[in-house]
Amino acid sequence: MFSVFLIKYAEIGVKGKNKYLFEDALVHQVKYALKRCEGEFKVTHTDGRIYVHALSDFDFEETVDNLKTVFGISGICPVVHVEDEGYEKLAKALTDYVDKVYEDKNITFKVHTRRARKNYPMTSMELSRELGSAVLDAFPQMQVDVHRPDVMLHVEIREKIYIYSMEIPGPGGMPVGSNGKAMLLLSGGIDSPVAGYMIAKRGVKIDAVYFHAPPYTSDRAKQKVVDLAREVSRYAGAVYLHTINFTDIQLHIYDQCPHEELTIIMRRYMMRIAEMLAIKNDCLGLITGESIGQVASQTVQSLAVTNEVCSLPVFRPLIGFDKMEIVSVAEKIGTYETSILPYEDCCTIFVAKHPVTKPNLNVIKRHELKLGEKMEELVQKAIDTDQVEVIRWK
Ligand code: ATP
Ligand code: MG
(Lines give C-alpha, C1' and ligand atoms only; values in the text may rest on other atoms or scores of the structure.)
(Ligands and ions follow the chains in the order given, each with its own letter.)
Protein backbone atom coordinates (compact mmCIF):
# COMPACT_ATOMS: atom_id res chain seq x y z
CA MET A 1 0.00 0.00 0.00
CA PHE A 2 2.90 2.41 0.61
CA SER A 3 4.79 3.59 -2.44
CA VAL A 4 6.60 6.64 -1.09
CA PHE A 5 8.72 7.44 1.98
CA LEU A 6 9.03 10.91 3.39
CA ILE A 7 12.54 11.30 4.80
CA LYS A 8 12.68 13.50 7.88
CA TYR A 9 15.86 15.13 9.03
CA ALA A 10 16.41 17.21 12.11
CA GLU A 11 19.82 18.60 12.75
CA ILE A 12 20.71 19.44 9.19
CA GLY A 13 17.67 21.64 8.89
CA VAL A 14 19.26 24.34 11.05
CA LYS A 15 22.56 24.87 9.37
CA GLY A 16 21.84 28.11 7.47
CA LYS A 17 23.64 28.35 4.14
CA ASN A 18 25.15 24.93 4.59
CA LYS A 19 21.67 23.47 4.55
CA TYR A 20 21.88 22.71 0.83
CA LEU A 21 25.19 20.95 1.22
CA PHE A 22 23.74 18.85 4.00
CA GLU A 23 20.61 18.05 2.03
CA ASP A 24 22.61 17.11 -1.06
CA ALA A 25 24.81 14.83 1.05
CA LEU A 26 21.70 13.26 2.54
CA VAL A 27 20.12 12.64 -0.87
CA HIS A 28 23.38 11.09 -2.01
CA GLN A 29 23.51 8.74 0.99
CA VAL A 30 19.84 7.80 0.64
CA LYS A 31 20.47 6.84 -3.00
CA TYR A 32 23.53 4.86 -1.93
CA ALA A 33 21.52 2.90 0.65
CA LEU A 34 18.72 2.22 -1.85
CA LYS A 35 21.13 0.66 -4.34
CA ARG A 36 21.31 -2.28 -1.94
CA CYS A 37 17.54 -2.81 -2.06
CA GLU A 38 15.38 -4.83 -4.42
CA GLY A 39 13.36 -2.62 -6.74
CA GLU A 40 13.74 0.71 -8.47
CA PHE A 41 13.49 4.04 -6.66
CA LYS A 42 13.56 7.73 -7.41
CA VAL A 43 14.69 10.24 -4.80
CA THR A 44 13.28 13.75 -5.05
CA HIS A 45 14.18 16.86 -3.14
CA THR A 46 11.75 19.77 -3.37
CA ASP A 47 10.45 22.42 -0.93
CA GLY A 48 12.94 21.28 1.70
CA ARG A 49 11.51 17.76 1.63
CA ILE A 50 13.13 14.53 0.57
CA TYR A 51 10.97 11.73 -0.78
CA VAL A 52 11.80 8.22 -1.89
CA HIS A 53 9.41 7.02 -4.61
CA ALA A 54 9.20 3.33 -5.40
CA LEU A 55 8.98 2.87 -9.17
CA SER A 56 8.53 -0.89 -9.01
CA ASP A 57 7.68 -3.60 -6.51
CA PHE A 58 9.93 -3.43 -3.48
CA ASP A 59 10.48 -5.10 -0.14
CA PHE A 60 9.17 -2.76 2.57
CA GLU A 61 11.24 -4.21 5.44
CA GLU A 62 14.44 -4.31 3.45
CA THR A 63 14.00 -0.74 2.25
CA VAL A 64 13.28 0.58 5.73
CA ASP A 65 16.23 -1.37 7.20
CA ASN A 66 18.58 0.19 4.68
CA LEU A 67 17.19 3.70 5.16
CA LYS A 68 17.78 3.20 8.88
CA THR A 69 21.54 3.09 8.19
CA VAL A 70 21.60 6.59 6.68
CA PHE A 71 22.95 9.16 9.13
CA GLY A 72 21.03 12.42 8.99
CA ILE A 73 17.63 10.71 8.81
CA SER A 74 15.60 11.37 11.94
CA GLY A 75 12.48 9.60 10.76
CA ILE A 76 11.11 7.54 7.88
CA CYS A 77 7.42 8.05 7.12
CA PRO A 78 5.71 5.51 4.88
CA VAL A 79 3.36 7.46 2.61
CA VAL A 80 0.28 6.46 0.67
CA HIS A 81 0.11 8.19 -2.66
CA VAL A 82 -3.32 8.90 -4.23
CA GLU A 83 -4.38 10.69 -7.41
CA ASP A 84 -6.15 14.00 -6.97
CA GLU A 85 -9.65 13.08 -8.11
CA GLY A 86 -11.64 15.50 -6.00
CA TYR A 87 -12.52 15.84 -2.35
CA GLU A 88 -14.85 12.81 -2.13
CA LYS A 89 -12.19 10.42 -3.37
CA LEU A 90 -9.67 11.97 -0.99
CA ALA A 91 -11.96 11.52 2.02
CA LYS A 92 -12.45 7.89 0.99
CA ALA A 93 -8.71 7.36 0.58
CA LEU A 94 -8.09 8.80 4.05
CA THR A 95 -10.70 6.65 5.77
CA ASP A 96 -9.37 3.58 3.94
CA TYR A 97 -5.92 4.49 5.17
CA VAL A 98 -7.06 4.79 8.78
CA ASP A 99 -8.96 1.53 8.51
CA LYS A 100 -5.92 -0.39 7.25
CA VAL A 101 -3.26 1.15 9.45
CA TYR A 102 -5.12 1.35 12.78
CA GLU A 103 -6.85 -1.84 13.68
CA ASP A 104 -7.79 -0.47 17.09
CA LYS A 105 -10.00 2.56 16.53
CA ASN A 106 -9.99 3.62 20.17
CA ILE A 107 -7.59 6.44 19.41
CA THR A 108 -7.53 10.22 19.27
CA PHE A 109 -6.41 11.96 16.10
CA LYS A 110 -5.97 15.22 14.30
CA VAL A 111 -5.82 15.91 10.58
CA HIS A 112 -3.01 18.17 9.45
CA THR A 113 -3.18 19.41 5.87
CA ARG A 114 -0.43 21.07 3.90
CA ARG A 115 -0.91 22.48 0.41
CA ALA A 116 2.28 22.52 -1.65
CA ARG A 117 -0.08 23.24 -4.59
CA LYS A 118 -2.09 26.33 -3.71
CA ASN A 119 -4.67 26.00 -6.49
CA TYR A 120 -6.49 23.26 -4.60
CA PRO A 121 -10.13 24.43 -4.26
CA MET A 122 -10.16 24.27 -0.44
CA THR A 123 -7.85 25.89 2.10
CA SER A 124 -5.73 23.74 4.40
CA MET A 125 -7.97 24.64 7.35
CA GLU A 126 -11.16 23.70 5.52
CA LEU A 127 -9.68 20.46 4.30
CA SER A 128 -8.44 19.47 7.77
CA ARG A 129 -11.86 20.15 9.24
CA GLU A 130 -13.80 18.32 6.51
CA LEU A 131 -11.48 15.34 6.49
CA GLY A 132 -11.62 15.20 10.29
CA SER A 133 -15.41 14.94 10.11
CA ALA A 134 -15.18 12.27 7.43
CA VAL A 135 -12.96 10.15 9.69
CA LEU A 136 -15.32 10.66 12.64
CA ASP A 137 -18.30 9.65 10.49
CA ALA A 138 -16.53 6.51 9.34
CA PHE A 139 -15.22 5.51 12.78
CA PRO A 140 -17.34 6.89 15.61
CA GLN A 141 -15.03 5.35 18.25
CA MET A 142 -12.28 7.74 17.22
CA GLN A 143 -11.99 11.16 18.83
CA VAL A 144 -10.38 14.42 17.86
CA ASP A 145 -7.65 15.79 20.08
CA VAL A 146 -6.03 18.88 18.62
CA HIS A 147 -3.39 19.19 21.34
CA ARG A 148 -1.95 15.74 21.94
CA PRO A 149 -3.47 13.34 19.44
CA ASP A 150 -2.38 9.69 19.41
CA VAL A 151 -2.28 9.89 15.66
CA MET A 152 -1.52 12.85 13.45
CA LEU A 153 -2.98 12.23 10.00
CA HIS A 154 -0.88 14.23 7.55
CA VAL A 155 -2.40 15.07 4.18
CA GLU A 156 -0.16 16.82 1.67
CA ILE A 157 -1.59 18.26 -1.50
CA ARG A 158 1.02 18.05 -4.24
CA GLU A 159 0.58 17.07 -7.91
CA LYS A 160 -0.65 13.90 -6.24
CA ILE A 161 -1.88 13.61 -2.66
CA TYR A 162 0.25 12.10 0.09
CA ILE A 163 -1.16 10.60 3.28
CA TYR A 164 1.03 9.54 6.18
CA SER A 165 0.92 9.22 9.94
CA MET A 166 3.69 6.87 11.02
CA GLU A 167 7.30 7.73 11.65
CA ILE A 168 9.93 5.02 11.95
CA PRO A 169 12.94 6.39 13.84
CA GLY A 170 16.11 6.89 11.79
CA PRO A 171 19.64 6.84 13.17
CA GLY A 172 19.92 10.63 13.56
CA GLY A 173 23.26 12.33 13.15
CA MET A 174 24.37 14.03 9.95
CA PRO A 175 24.86 12.67 6.44
CA VAL A 176 28.29 11.22 5.76
CA GLY A 177 30.22 13.58 3.54
CA SER A 178 28.85 16.72 5.15
CA ASN A 179 31.70 17.09 7.67
CA GLY A 180 35.01 16.27 6.01
CA LYS A 181 37.02 13.08 6.32
CA ALA A 182 39.08 11.44 9.06
CA MET A 183 41.42 8.45 9.33
CA LEU A 184 40.26 5.66 11.64
CA LEU A 185 42.89 3.45 13.29
CA LEU A 186 41.02 0.20 12.88
CA SER A 187 42.12 -2.88 14.78
CA GLY A 188 40.29 -6.15 15.16
CA GLY A 189 38.90 -5.19 18.56
CA ILE A 190 35.53 -4.10 19.81
CA ASP A 191 36.30 -0.43 20.24
CA SER A 192 37.69 1.00 17.03
CA PRO A 193 34.75 -0.01 14.76
CA VAL A 194 32.38 1.62 17.25
CA ALA A 195 34.56 4.75 17.27
CA GLY A 196 34.40 4.87 13.46
CA TYR A 197 30.63 4.48 13.52
CA MET A 198 30.23 7.31 16.01
CA ILE A 199 32.35 9.78 14.07
CA ALA A 200 30.69 8.81 10.77
CA LYS A 201 27.40 9.53 12.51
CA ARG A 202 28.48 13.15 12.80
CA GLY A 203 28.78 13.32 9.00
CA VAL A 204 32.48 12.51 8.72
CA LYS A 205 33.63 10.29 5.88
CA ILE A 206 35.95 7.52 7.07
CA ASP A 207 39.23 6.19 5.73
CA ALA A 208 40.81 3.44 7.81
CA VAL A 209 44.29 2.11 8.52
CA TYR A 210 45.20 -1.28 9.89
CA PHE A 211 48.70 -2.14 11.08
CA HIS A 212 49.51 -5.79 10.73
CA ALA A 213 52.63 -7.72 11.64
CA PRO A 214 52.99 -10.81 9.50
CA PRO A 215 53.94 -13.53 10.29
CA TYR A 216 53.05 -12.68 13.89
CA THR A 217 49.55 -11.80 12.79
CA SER A 218 47.64 -14.03 10.41
CA ASP A 219 45.63 -13.51 7.25
CA ARG A 220 42.57 -14.34 9.30
CA ALA A 221 43.30 -11.42 11.62
CA LYS A 222 43.53 -9.21 8.54
CA GLN A 223 40.29 -10.65 7.17
CA LYS A 224 38.58 -9.82 10.44
CA VAL A 225 39.56 -6.17 10.02
CA VAL A 226 38.26 -6.20 6.44
CA ASP A 227 34.98 -7.63 7.74
CA LEU A 228 34.77 -4.94 10.41
CA ALA A 229 35.49 -2.22 7.84
CA ARG A 230 32.64 -3.66 5.77
CA GLU A 231 30.29 -3.55 8.73
CA VAL A 232 31.24 0.07 9.38
CA SER A 233 30.76 0.87 5.68
CA ARG A 234 27.15 -0.16 6.01
CA TYR A 235 26.66 3.19 7.76
CA ALA A 236 29.71 5.16 6.68
CA GLY A 237 29.62 4.41 2.94
CA ALA A 238 32.65 3.07 1.06
CA VAL A 239 35.73 2.86 3.30
CA TYR A 240 39.26 3.04 1.87
CA LEU A 241 41.16 0.59 4.04
CA HIS A 242 44.96 1.00 4.17
CA THR A 243 46.99 -1.93 5.42
CA ILE A 244 50.50 -1.18 6.67
CA ASN A 245 53.14 -3.77 7.42
CA PHE A 246 54.34 -2.89 10.90
CA THR A 247 56.53 -5.94 11.62
CA ASP A 248 59.99 -4.42 11.19
CA ILE A 249 59.06 -1.37 13.24
CA GLN A 250 57.81 -3.56 16.05
CA LEU A 251 60.90 -5.77 16.00
CA HIS A 252 63.18 -2.76 16.02
CA ILE A 253 61.36 -1.25 19.02
CA TYR A 254 61.53 -4.65 20.70
CA ASP A 255 65.31 -4.73 20.17
CA GLN A 256 66.05 -1.21 21.28
CA CYS A 257 63.59 -0.09 23.92
CA PRO A 258 62.65 -1.16 27.46
CA HIS A 259 59.97 -3.78 27.18
CA GLU A 260 57.58 -2.12 29.60
CA GLU A 261 57.47 0.81 27.15
CA LEU A 262 56.92 -1.25 24.00
CA THR A 263 53.22 -0.62 23.72
CA ILE A 264 53.38 3.09 24.28
CA ILE A 265 56.24 3.58 21.80
CA MET A 266 54.49 1.38 19.31
CA ARG A 267 51.32 3.40 19.73
CA ARG A 268 53.26 6.57 19.05
CA TYR A 269 54.58 5.13 15.79
CA MET A 270 51.13 4.00 14.75
CA MET A 271 49.84 7.49 15.34
CA ARG A 272 52.73 9.07 13.44
CA ILE A 273 52.20 6.84 10.41
CA ALA A 274 48.42 7.20 10.57
CA GLU A 275 48.85 10.96 10.56
CA MET A 276 51.12 10.86 7.52
CA LEU A 277 48.56 8.72 5.69
CA ALA A 278 45.79 11.01 6.84
CA ILE A 279 47.47 14.12 5.48
CA LYS A 280 48.27 12.37 2.20
CA ASN A 281 44.60 11.40 1.85
CA ASP A 282 42.97 14.72 2.80
CA CYS A 283 41.80 13.55 6.20
CA LEU A 284 41.37 16.31 8.75
CA GLY A 285 41.72 14.20 11.88
CA LEU A 286 42.47 10.77 13.33
CA ILE A 287 40.00 8.49 15.10
CA THR A 288 40.83 5.89 17.72
CA GLY A 289 38.80 3.61 19.97
CA GLU A 290 40.62 4.67 23.13
CA SER A 291 38.79 5.07 26.43
CA ILE A 292 40.35 6.43 29.60
CA GLY A 293 41.85 3.74 31.80
CA GLN A 294 40.79 0.75 29.67
CA VAL A 295 44.36 -0.61 29.43
CA ALA A 296 47.83 0.57 30.45
CA SER A 297 48.27 2.47 27.18
CA GLN A 298 45.04 4.38 27.79
CA THR A 299 45.66 5.96 31.17
CA VAL A 300 45.49 9.75 31.04
CA GLN A 301 49.30 9.85 31.19
CA SER A 302 49.64 7.30 28.37
CA LEU A 303 47.11 9.09 26.20
CA ALA A 304 49.00 12.34 26.68
CA VAL A 305 52.25 10.69 25.60
CA THR A 306 50.60 9.06 22.58
CA ASN A 307 48.87 12.25 21.60
CA GLU A 308 52.09 14.23 21.67
CA VAL A 309 53.21 12.95 18.26
CA CYS A 310 50.11 14.21 16.47
CA SER A 311 49.38 17.62 15.10
CA LEU A 312 46.01 16.68 13.62
CA PRO A 313 43.11 16.51 16.06
CA VAL A 314 42.52 13.01 17.39
CA PHE A 315 38.87 12.11 17.82
CA ARG A 316 38.27 9.62 20.62
CA PRO A 317 34.52 9.28 20.77
CA LEU A 318 34.65 6.46 23.35
CA ILE A 319 36.86 8.35 25.76
CA GLY A 320 34.24 8.43 28.54
CA PHE A 321 32.53 5.12 27.78
CA ASP A 322 32.66 2.04 29.98
CA LYS A 323 33.36 -1.23 28.19
CA MET A 324 29.75 -2.35 28.65
CA GLU A 325 28.50 0.80 26.95
CA ILE A 326 30.87 0.24 24.02
CA VAL A 327 29.72 -3.37 23.76
CA SER A 328 26.10 -2.34 23.61
CA VAL A 329 26.76 -0.01 20.67
CA ALA A 330 28.84 -2.74 18.97
CA GLU A 331 25.88 -5.12 19.34
CA LYS A 332 23.45 -2.56 18.03
CA ILE A 333 25.47 -1.81 14.90
CA GLY A 334 26.38 -5.45 14.29
CA THR A 335 30.18 -5.41 14.73
CA TYR A 336 30.33 -7.24 18.06
CA GLU A 337 30.19 -10.82 16.75
CA THR A 338 33.07 -10.16 14.36
CA SER A 339 35.12 -8.28 16.96
CA ILE A 340 35.10 -11.15 19.44
CA LEU A 341 36.46 -13.72 16.98
CA PRO A 342 39.68 -14.94 18.60
CA TYR A 343 42.36 -13.89 16.07
CA GLU A 344 45.51 -12.35 17.42
CA ASP A 345 46.15 -8.65 17.13
CA CYS A 346 49.62 -7.29 16.45
CA CYS A 347 49.57 -5.43 19.76
CA THR A 348 49.05 -8.55 21.84
CA ILE A 349 52.14 -10.35 20.54
CA PHE A 350 54.67 -7.83 21.80
CA VAL A 351 53.02 -6.82 25.07
CA ALA A 352 55.10 -6.71 28.24
CA LYS A 353 53.92 -8.30 31.49
CA HIS A 354 54.10 -4.98 33.31
CA PRO A 355 53.65 -2.14 30.87
CA VAL A 356 54.14 1.41 32.16
CA THR A 357 50.90 3.03 33.20
CA LYS A 358 52.37 6.47 33.92
CA PRO A 359 54.90 7.03 31.18
CA ASN A 360 57.02 10.14 31.36
CA LEU A 361 57.23 11.92 28.03
CA ASN A 362 60.89 12.91 28.41
CA VAL A 363 61.91 9.39 29.30
CA ILE A 364 59.97 7.93 26.37
CA LYS A 365 61.51 10.46 23.99
CA ARG A 366 64.99 9.62 25.26
CA HIS A 367 64.40 5.92 24.71
CA GLU A 368 63.00 6.54 21.27
CA LEU A 369 66.29 8.21 20.34
CA LYS A 370 67.86 4.75 20.54
CA LEU A 371 65.81 3.78 17.50
CA GLY A 372 68.10 6.06 15.47
CA GLU A 373 68.00 6.84 11.79
CA LYS A 374 67.13 3.26 11.04
CA MET A 375 63.66 4.00 12.40
CA GLU A 376 63.10 6.77 9.88
CA GLU A 377 63.94 4.32 7.12
CA LEU A 378 61.63 1.71 8.61
CA VAL A 379 58.78 4.20 8.83
CA GLN A 380 59.27 5.13 5.20
CA LYS A 381 59.42 1.46 4.24
CA ALA A 382 56.26 0.76 6.20
CA ILE A 383 54.44 3.55 4.40
CA ASP A 384 55.60 2.06 1.11
CA THR A 385 53.85 -1.19 2.05
CA ASP A 386 50.51 0.65 2.10
CA GLN A 387 47.89 -1.46 0.37
CA VAL A 388 44.55 0.18 -0.24
CA GLU A 389 41.26 -1.58 -0.81
CA VAL A 390 37.83 -0.09 -1.14
CA ILE A 391 35.45 -1.80 1.23
CA ARG A 392 31.72 -1.65 0.56
CA TRP A 393 28.73 -3.16 2.31
CA LYS A 394 27.27 -5.65 -0.22
P1 ATP B 1 40.24 -2.18 19.98
O2 ATP B 1 39.30 -2.84 20.89
O3 ATP B 1 39.61 -1.20 19.06
O4 ATP B 1 41.08 -3.19 19.21
P5 ATP B 1 42.17 -2.18 21.95
O6 ATP B 1 41.35 -2.53 23.12
O7 ATP B 1 42.94 -3.25 21.26
O8 ATP B 1 41.26 -1.41 20.90
P9 ATP B 1 44.61 -0.64 22.08
O10 ATP B 1 45.39 -1.79 21.59
O11 ATP B 1 45.14 0.17 23.21
O12 ATP B 1 43.11 -1.03 22.47
O13 ATP B 1 44.37 0.33 20.89
C14 ATP B 1 43.77 1.55 21.07
C15 ATP B 1 43.36 2.06 19.73
O16 ATP B 1 44.47 2.09 18.84
C17 ATP B 1 42.35 1.18 19.03
O18 ATP B 1 41.03 1.48 19.41
C19 ATP B 1 42.59 1.51 17.58
O20 ATP B 1 41.98 2.75 17.24
C21 ATP B 1 44.10 1.69 17.56
N22 ATP B 1 44.79 0.45 17.20
C23 ATP B 1 45.26 -0.50 18.03
N24 ATP B 1 45.83 -1.51 17.33
C25 ATP B 1 45.72 -1.19 16.02
C26 ATP B 1 46.13 -1.82 14.79
N27 ATP B 1 46.74 -3.00 14.77
N28 ATP B 1 45.85 -1.18 13.64
C29 ATP B 1 45.21 0.02 13.64
N30 ATP B 1 44.81 0.63 14.77
C31 ATP B 1 45.07 0.06 15.95
MG1 MG C 1 40.20 -1.09 23.46
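In listed order, ligands and their atoms are each counted from 1. Computed from a predicted structure; not experimentally measured. All residue numbers refer to positions in the sequence shown, counting from 1.
- Atom numbering of ligand 1 starts at 1 in the shown order; those under 4.0 Å from a heavy atom of Gln298 are 9 (P), 11 (O), 12 (O), 13 (O), 14 (C).
- We find that Glu23 and Lys19 are joined by a salt bridge, their nearest charged nitrogen and carboxylate oxygen being less than 4.0 Å apart.
- Listed by atom number, the atoms of ligand 1 under 4.0 Å from Leu186 heavy atoms are 28 (N), 29 (C), 30 (N).
- Remark: the Ser192 side chain and the Ser187 side chain contain an N/O donor-acceptor pair separated by less than 3.5 Å.
- Close approach of ligand 1 to Ile190 is summarised as follows: ligand atoms under 4.0 Å from at least one heavy atom of the residue are 2 (O).
- Between the side chains of Arg36 and Thr69, a donor-acceptor pair is found at a separation under 3.5 Å.
- Set against the non-hydrogen atoms of Ser297, the atoms of ligand 1 under 4.0 Å away are 11 (O).
- Residue Arg267 holds the heavy atom nearest to atom 21 (C) of ligand 1 of all those in His212, Arg267, Met270.
- In terms of N/O distances under 3.5 Å, ligand 1 is approached by Phe211.
- For Thr288, heavy-atom contacts with ligand 1 shorter than 4.0 Å involve the backbone as well as the side chain.
- Considering backbone and side-chain N/O of Pro193, none are found under 3.5 Å from N/O of ligand 1.
- No part of Leu184 comes within 4.0 Å of ligand 1, judged by heavy-atom distances.
- The closest side-chain heavy-atom distance from Lys89 to Val82 is not below 4.5 Å.
- Residues satisfying the salt bridge (Lys or Arg N to Asp or Glu O under 4.0 Å) criterion with Asp96, sequence neighbours excluded, are Lys92.
- Between Gly189 and ligand 1, at least one N/O pair is under 3.5 Å apart.
- With sequence neighbours left out, the ring pair (Phe, Tyr, Trp, His ring centres under 6.0 Å) criterion links Tyr162 to Tyr51, His81.
- Both the backbone and the side chain of Ser192 come within 4.0 Å of ligand 1, judged by heavy-atom distances.
- Near Asp191, meaning under 4.0 Å from any of its heavy atoms, are these atoms of ligand 1: 1 (P), 2 (O), 3 (O), 6 (O), 8 (O).
- The ligand atoms of ligand 1 that sit less than 4.0 angstrom from a heavy atom of Val209 are 29 (C).
- Remark: the Gln223 side chain and the Asp227 side chain contain an N/O donor-acceptor pair separated by less than 3.5 Å.
- No hydrogens or angles considered: nothing links the side chains of His212 and Thr243 as a donor-acceptor pair under 3.5 Å.
- Near Gln294, meaning under 4.0 Å from one of its heavy atoms, ligand 1 places the atoms 6 (O).
- Contact annotation for Val295 and ligand 1: only side-chain heavy atoms (C-beta onward) come within less than 4.0 Å of the ligand.
- Looking only at atom types and distance, the side chain of Tyr97 has a donor-acceptor partner in the side chain of Ser165 under 3.5 Å away.
- For ligand 1, the atoms lying closer than 4.0 Å to a non-hydrogen atom of Gly289 are 17 (C), 18 (O), 20 (O).
- Screening Phe60, Tyr164, Phe41 for a ring pair (Phe, Tyr, Trp, His ring centres under 6.0 Å) with Phe5, the sole residue that qualifies is Phe60.
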